[in-house]
2 protein chains.
Amino acid sequence: MRSYKQFCGLAKALEMVGDRWTLLIVRELLARGRCRYTDLQKGLPGIATNLLADRLRELEEAGIIRREDAPPPVATTLFALTPRGEELEPVIDALGRWGVPLLASASKSDTFRGHWLIFPAKLYLKDHASDRPPIAIEVHTDDEPIVIEAHAGSVRARVGSAEKPDAVMTGSPRLIAALISGNLTLAAARHAGLHYQGDAKALKRLQPLAFAS
Amino acid sequence: MRSYKQFCGLAKALEMVGDRWTLLIVRELLARGRCRYTDLQKGLPGIATNLLADRLRELEEAGIIRREDAPPPVATTLFALTPRGEELEPVIDALGRWGVPLLASASKSDTFRGHWLIFPAKLYLKDHASDRPPIAIEVHTDDEPIVIEAHAGSVRARVGSAEKPDAVMTGSPRLIAALISGNLTLAAARHAGLHYQGDAKALKRLQPLAFAS
DNA sequence: CCGGATCCGGGTTGATACTG
DNA sequence: CAGTATCAACCCGGATCCGG
């Protein structure tokens with residue numbers, strides 16, 4: 001991106017990460033950890049391959065990502081965030097949180113990837129029973145499943161499955177996002193088509209206190 | 001901005017505020033409160049007037065800013081953030097904080113506006129003596145002065161002057177930014193050309209505890 | 001299949017000039 | 001003061017191609 005030529009931290013930050021697609025690439029690397037070019041492409045539906053290649057080079061020059069040569073027998077290139085790149089997490093979180101209300105009026109035809117739910121899960125869910133044993137909830141959409149785990153007061157979310165989940169939910173991204181962000185009760189989400197099996201209290205332990213139903 | 005067509009809060013947020021210049025316009029309105037088109041132009045050196053007009057229209061359609069007709073005798077248009085627009089403050093703060101380290105290698109010829117210092121002042125300074133009487137520090141650069149006020153544990157910064165400042169500092173933006181963000185001690189900044197008169201303890205009360213010199 | 005490079009058409013940006 | 005109008009330069013998206 002062209003320089004703004006302003007002595008301002010915000011302007012300097014935008015020169016490095018303000019380009020189209022750039023922060024979405026960082027989102028992918030934050031959500032999945034280090035991954036291959038092709039994995040990035042799958043997580044960024046709509047990006048042109050030349051733009052992905054350009055951005056990766058710019059991000060590497062800026063010290064935000066790092067290129068690693070995976071050892072044999074894989075022998076492929078892996079892309080990962082540097083520590084400086086990981087410091088962008090608060091930025092992604094703040095922007096993502098600001099954007100959640102916009103999802104309500106999203107187009108029906110928008111693409112979706114399961115691991116994008118990791119961010120609202122981390123942002124909105126808290127462990128309100130830190131003295132209880134750990135729990136795990138599996139979340140299934142059309143795409144790849146994720147697991148939300150609560151353990152001693154902290155919540156983490158990651159791609160993959162749990163070995164013995166306390167609950168498993170299946171539904172449209174829209175329903176699950178509304179449920180996580182506190183705009184829908186479990187009962188209402190079920191009524192709208194969400195499938196939830198397992199311990200209902202597992203979810204209640206994590207949900208925002210906004211509604212107490 | 002073209003749609004990413006992704007069901008993701010971050011992507012939706014970037015569609016609204018990810019365009020070039022957009023977040024800098026929000027920065028201006030956050031720092032100065034409501035102001036005129038010409039004030040915005042002065043605070044955004046380098047923006048083309050057609051782009052400013054375009055962005056203001058887009059931001060208004062998005063519900064982020066509001067256009068007000070100032071009453072006579074001023075009779076001018078004022079631009080102000082809506083509540084939804086003000087919710088972008090955490091985003092600006094996170095990005096600005098991430099960008100502060102980049103200022104160290106900024107170009108000598110970058111433009112500067114005094115009120116841009118409001119953000120690092122709010123972000124980095126804390127009132128470490130909430131039981132003491134309020135203080136005010138005036139900060140002068142080539143441009144418009146700002147005031148940093150500490151009162152009962154909280155710090156605020158605004159454009160303008162104080163009636164009876166406890167201290168007044170004058171120096172280059174670079175020096176003052178380094179001092180505020182904790183990368184330079186007062187002694188070092190003075191040695192590098194910063195002029196500081198008044199109570200040195202006033203500044204010490206606010207500075208990050210990073211260095212204890 | 002992986003990780004791009006190249007080319008091209010169209011849209012966006014930036015600089016300047018101009019106006020109600 | 002608060003913008004339009006115009007136009008060149010640049011950036012983006014889509015398609016295609018290519019060496020390992």
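Chain letters run A, B, ... following the sequence lines, proteins first, then strands; residues in each count from 1.
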Participant: What is the distance, rounded to the nearest whole Å, between atom CE of B:M1 and atom P of C:dT12?
Facilitator: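 It is 10 Å, rounded to the nearest whole Å.
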Participant: Considering only heavy atoms and no angle criterion, is a donor-acceptor pair shorter than 3.5 Å present between the side chain of A:N50 and the base of C:dG4?
Facilitator: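 In this structure, the two groups form no donor-acceptor pair.
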Participant: In whole angstroms, how far is the P atom of D:dC11 from the CG atom of A:D19?
Facilitator: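 Result: 9 Å.
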Participant: Count the heavy atoms of every other residue, nucleotide or ligand shown that sit under 6.0 Å from CZ of A:R34, and state whether that count exceeds 12.
Facilitator: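 No - once you tally the heavy atoms of other residues, nucleotides and ligands closer than 6.0 Å, there are 12 at most.
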Participant: Round to a whole Å and report the spacing from CD of A:E60 to C1' of C:dG4.
Facilitator: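 In whole Å, C:dG4 C1' lies 14 Å from A:E60 CD.
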Participant: DNA chain C: A:Y4 or A:R67, which has the more 5' nearest nucleotide?
Facilitator: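 The residue mapped nearer the 5' terminus is A:R67.
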Participant: Can you identify which nucleotide, out of C:dG3, C:dG4, D:dG13, has its nearest atom closest to the A:L51 side chain?
Facilitator: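 Closest nucleotide to the A:L51 side chain: D:dG13.
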Participant: How many whole angstroms separate atom CH2 of B:W21 from atom P of C:dG14?
Facilitator: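 To the nearest whole Å, that distance equals 7 Å.
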Participant: Select from A:R57 and A:R36 the residue whose nearest nucleotide in DNA chain C is closer to the 5' end of that strand.
Facilitator: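 Counting from the 5' end, the first nearest nucleotide belongs to A:R36.
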Participant: I'd like to know if B:E144 pairs up with B:K42 as an ion pair, taking the criterion as any Lys NZ or Arg NE/NH1/NH2 lying under 4.0 Å from an Asp or Glu carboxylate oxygen.
Facilitator: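 The answer is no: the pair does not qualify as a salt bridge.
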Participant: Do B:R67's NZ or CZ and the ring of B:Y37 fall within the cation-pi criteria of under 6.0 Å and 45°?
Facilitator: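 No, B:R67 does not lie over the aromatic ring of B:Y37.
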Participant: What is the distance from CZ of A:R20 to C1' of D:dC11, rounded to the nearest Å?
Facilitator: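 In whole Å, D:dC11 C1' and A:R20 CZ are 11 Å from each other.
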Participant: What contact category does B:T49 fall into here, base, sugar-phosphate, or nothing, at under 4.0 angstrom with non-hydrogen atoms?
Facilitator: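 Base, at least one base atom sits under 4.0 Å.
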Participant: By the definition salt bridge (Lys or Arg N to Asp or Glu O under 4.0 Å), identify the one residue from A:K122, A:R205, A:R156 that meets it with A:D127.
Facilitator: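 Result for salt bridge (Lys or Arg N to Asp or Glu O under 4.0 Å) with A:D127: A:R205.
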Participant: Rounding to an integer number of Å, can you tell me how far A:L44 CG sits from D:dC12 C1'?
Facilitator: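 In whole Å, D:dC12 C1' lies 15 Å from A:L44 CG.
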Participant: If you check the A:A48 side chain, which of D:dG14, C:dG14, D:dG3 turns out closest?
Facilitator: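 Selected nucleotide: D:dG14.
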Participant: D:dG13, C:dG4, D:dC1: which one has an atom nearest the side-chain heavy atoms of A:A53?
Facilitator: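 Of all the options, the side chain of A:A53 is nearest to C:dG4.
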Participant: When you check the gap from the basic side-chain N to the acidic O, do A:E60 and A:R57 get nearer than 4.0 Å?
Facilitator: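 Judged by the 4.0 Å cut-off on N to carboxylate O distance, A:E60 and A:R57 do not form a salt bridge.
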Participant: A:R55 or B:T77: which one's nearest nucleotide on DNA chain D is closer to the 5' end?
Facilitator: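 Its nucleotide being nearer the 5' end, the pick is B:T77.
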Participant: Can you figure out which of C:dG4, D:dG13, C:dA15 approaches the side chain of A:R2 most closely?
Facilitator: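 Between C:dG4, D:dG13, C:dA15, the one nearest the side chain of A:R2 would be C:dA15.
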Participant: Roughly, in whole Å, what's the span from CD in B:E58 to P in C:dT13?
Facilitator: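 Interatomic distance, CD of B:E58 to P of C:dT13: 8 Å.
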Participant: In whole angstrom, what separates A:D69's CG from C:dG4's C1'?
Facilitator: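 For the pair A:D69 CG and C:dG4 C1', the rounded distance is 14 Å.
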